[in-house]
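Each remark here refers to the structure printed beneath this line.
The residues of the chain are indexed from 1 along the displayed sequence. Just follow the structure's listing: the first ligand is 1, and inside any ligand the first atom is 1. Computed over heavy atoms, backbone and side chain alike; hydrogens, waters and symmetry mates excluded.
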Amino acid sequence: MPVVPMQQILKHAFDHRYGVGAFNIVDWVTMDAVLFAAAETKSPVIVQVSVKTVKVMGAKLIRVMFEEMAGRVPVPTTLHLDHCPDRKVIEDCVAAGWNSVLFDASKLTYEDNLAQTRQVVEFAHQYGVAVEGELEGIKGVEDGVGDEYGGPIVALDKAVAFIRQTGIDSFAPAIGTAHGLYKGTPKINFQRVAEIMEAEPIPLVIHGGTGLSEETFHKLIAYGMPKINISTQLKITLADSYRAYLEEHPTEYDPLKLLGAVKKKLVAQIESFMHTFGSEGKAA
Ligand code: 13P
């Protein structure tokens, strides 16, 4: 199936109230595992990449690899750039044919964030590229972007004005989730989600998906949060499965066997998320 616009994936999931995993990939094996799991479960899927990974691999190589690998699976897929405060990287990804970007200007003042996000939307939309906006700063560090505190919560009317005036396609609100591993049980601000949704029904994004309970996912999806970001759990599964295979097979030197074993563990992990999010069987 050809690669589809992010807007198409989000609209279907938002309208039908299911979640689509946006899985952070770091290389060929992780991208292969995400697409393989999507094909197995007939799920639409978002392949998501951090700026750090883009700087290592290059926007063009990732896009070419994605185009080729996505073309082999019969499900809708789209390529998204995660938290990016750097407009040059966004321009590079748009030029390379990516489908969607998160312009993370949450460190700027409200006015500067609004003005710059509006410019990014104007630029990206000329190429059909979707833009996710962020206002408040999500707690935790995602591949070098962000900090452990997050930003202050903005008044509801200002958040709604930001959504309307920038023209963003999706919005990442700070609702108590955090990147990385949770130290305790996160306190989720469901009321904030309901308030935004009532004032301006736009697809909202769940950041910090690793470690949230099934119940929390189901509740947030039902409110209208169709994009669910998962990064840390895949990094853990990746590292643990390399370690386990090498320890269990100290004299095995066939790299394809090693990579195959790693992929298998990743696929099982990703399929379990797809099951929880309700995206199974939704690939039209
Ligand atoms: P986790 O690393 O907590 O899964 O969060 C991922 C994320 O929100 C990427 O933006």
Would you say G140 contacts ligand 1, with heavy atoms under 4.0 Å as the rule?
-> no

Which ligand 1 atoms are under 4.0 Å away from a heavy-atom of G209?
-> 3 (O), 4 (O), 5 (O)

So, for Y18 and F277, is the gap between ring centers shorter than 6.0 Å?
-> no

Which atoms of ligand 1 are found less than 4.0 Å from any heavy atom of H207?
-> 8 (O), 10 (O)

Tell me which part of A178 gets within contact of ligand 1: side chain, backbone, both or neither, using heavy atoms under 4.0 Å.
-> backbone

Going by the 4.0 angstrom heavy-atom rule, the piece of H83 near ligand 1 is side chain

heavy-atom search around atom 10 (O) of ligand 1 in the protein gives D82 OD2, 2.8 Å

So does E67 pair up with R63, basic N to acidic O under 4.0 Å?
-> yes

Can an N or O of N24 be found at a distance shorter than 3.5 Å from an N or O of ligand 1?
-> no

What residues, two or more places apart in sequence or in another chain, satisfy side-chain contact (heavy atoms from CB on, under 4.5 Å) together with T166?
-> L114, T117, F162, I168

To the nearest 0.1 Å, how far is atom 6 (C) of ligand 1 from its closest protein heavy atom, and which atom is that?
-> E142 OE1, 3.4 Å

Modelled atom types, side-chain donor and acceptor of D240 and T237, under 3.5 Å | no

Under 3.5 Å: donor-acceptor pair, side chain of W98, backbone of A59 | yes

Atom 3 (O) of ligand 1: which protein heavy atom is closest, and how many Å away?
-> G180 N, 3.1 Å

Are there more than 12 heavy atoms of other residues, nucleotides or ligands under 6.0 Å from atom NZ of K60?
-> no

If you have a sec, work out which protein heavy atom is nearest atom 2 (O) of ligand 1 and how many Å separate them, to one decimal?
-> T232 OG1, 2.5 Å

For atom 4 (O) of ligand 1, the protein heavy atom that lies nearest, with its residue and separation = T210 OG1, 2.5 Å

Would you confirm whether K42, through its side chain, and A38, through its main-chain N or O, come within 3.5 Å as a donor-acceptor pair?
-> no

Considering only heavy atoms of G208, which atoms of ligand 1 have at least one such atom less than 4.0 Å away?
-> 1 (P), 3 (O), 5 (O), 6 (C), 7 (C), 8 (O)

Ignoring hydrogens and angles, state whether a donor on the side chain of E134 or H207 is under 3.5 Å from an acceptor on the partner side chain.
-> no

Indicate yes or no: does D112 engage K107 in a salt bridge with an N to O separation below 4.0 Å.
-> no

Sub-4.0 Å atoms of ligand 1 with respect to non-hydrogen atoms of I230 = 4 (O)

Quick one: does H179 get within less than 4.0 Å of ligand 1, heavy atoms only?
-> yes

